[in-house]
Number of protein chains: 2
Amino acid sequence: MKATVTVSLKAAVLDPQGKAIAAALRDLGLDLVESARVGKVIELQLSEGADVESVRRQVETAADQLLANPVMEDWRVEIEA
Amino acid sequence: MKATVTVSLKAAVLDPQGKAIAAALRDLGLDLVESARVGKVIELQLSEGADVESVRRQVETAADQLLANPVMEDWRVEIEA
């Protein structure tokens, strides 16, 4: 089973790395870029056979407690059975 | 239009940050974690009205030339029209 946790900065938080990427992409000729935001993705390989709903709850707890900083970041969890 | 570029380390490349996360998750009680890999995700906000296929080609070029290091990293592009 695989779980993917995507962590992104909250919309209200400034993202200078994203700003730099947007500027670099426009310099590269990708004129239609309006803005860019950078986040991180954590791909978890999980042992098979566990109940998907219980796994989802555990991974959500982990995302909230360890993987994201809930003050500045949002997260979402996807489970692939 | 939105484009999401996900950049992840190639399978053959060591990921100490992922190893640390897997160990921390197991310490947190998430015993079914076998391994974790960390990547980054770049969300691009693009101006509307452009042709999806031409946008995809441009974003793929950007991913390959700027956003990922093709020696160590894989990337994939998703376009939401």
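Naming: A, B, ... by sequence-line order, numbering from 1 per chain. The shown structure was predicted, so the numbers you read here are calculated from the model rather than taken from an experiment.
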Close side-chain approach of A/Gln45 to A/Lys2, heavy-atom, < 4.5 Å: yes
Which atoms of B/Thr6 approach chain A - backbone, side chain, both or neither, heavy atom under 4.5 Å: side chain
A/Leu32 reachable from B/Val52 in the ILVMFWY side-chain graph, under 4.5 Å edges: yes
Residue pair B/Val33 / A/Leu46, side-chain heavy-atom distance below 4.5 Å: yes
Region of A/Val55 that comes under 4.5 Å of a non-hydrogen atom in chain B: side chain
Chain A interface, residue from B/Ala3, B/Gly18, B/Ala36 that has the most non-hydrogen pairs under 4.5 Å: B/Ala36
ILVMFWY network linking A/Val71 to A/Val13, side-chain heavy atoms under 4.5 angstrom: yes
Partner chain B: residue of A/Glu34, A/Lys40, A/Gln65, A/Met1 with the largest heavy-atom pair count (under 4.5 Å): A/Glu34
B/Lys19 atom NZ: more than 12 heavy-atom contacts under 6.0 Å: no
Contact class of A/Leu28 relative to chain B, heavy atoms under 4.5 angstrom: side chain
Among the listed options B/Val38, B/Val5, B/Asp31, the residue most often paired with chain A at heavy-atom distances under 4.5 Å: B/Val38
Contact class of A/Gln17 relative to chain B, heavy atoms under 4.5 angstrom: neither
Winner by heavy-atom pair count (cut-off under 4.5 Å) against chain B, out of A/Val41, A/Leu30, A/Val7: A/Val41
Qualifying residue for side-chain contact (heavy atoms from CB on, under 4.5 Å) with B/Val77, from B/Gln58, B/Glu60, B/Arg57: B/Glu60
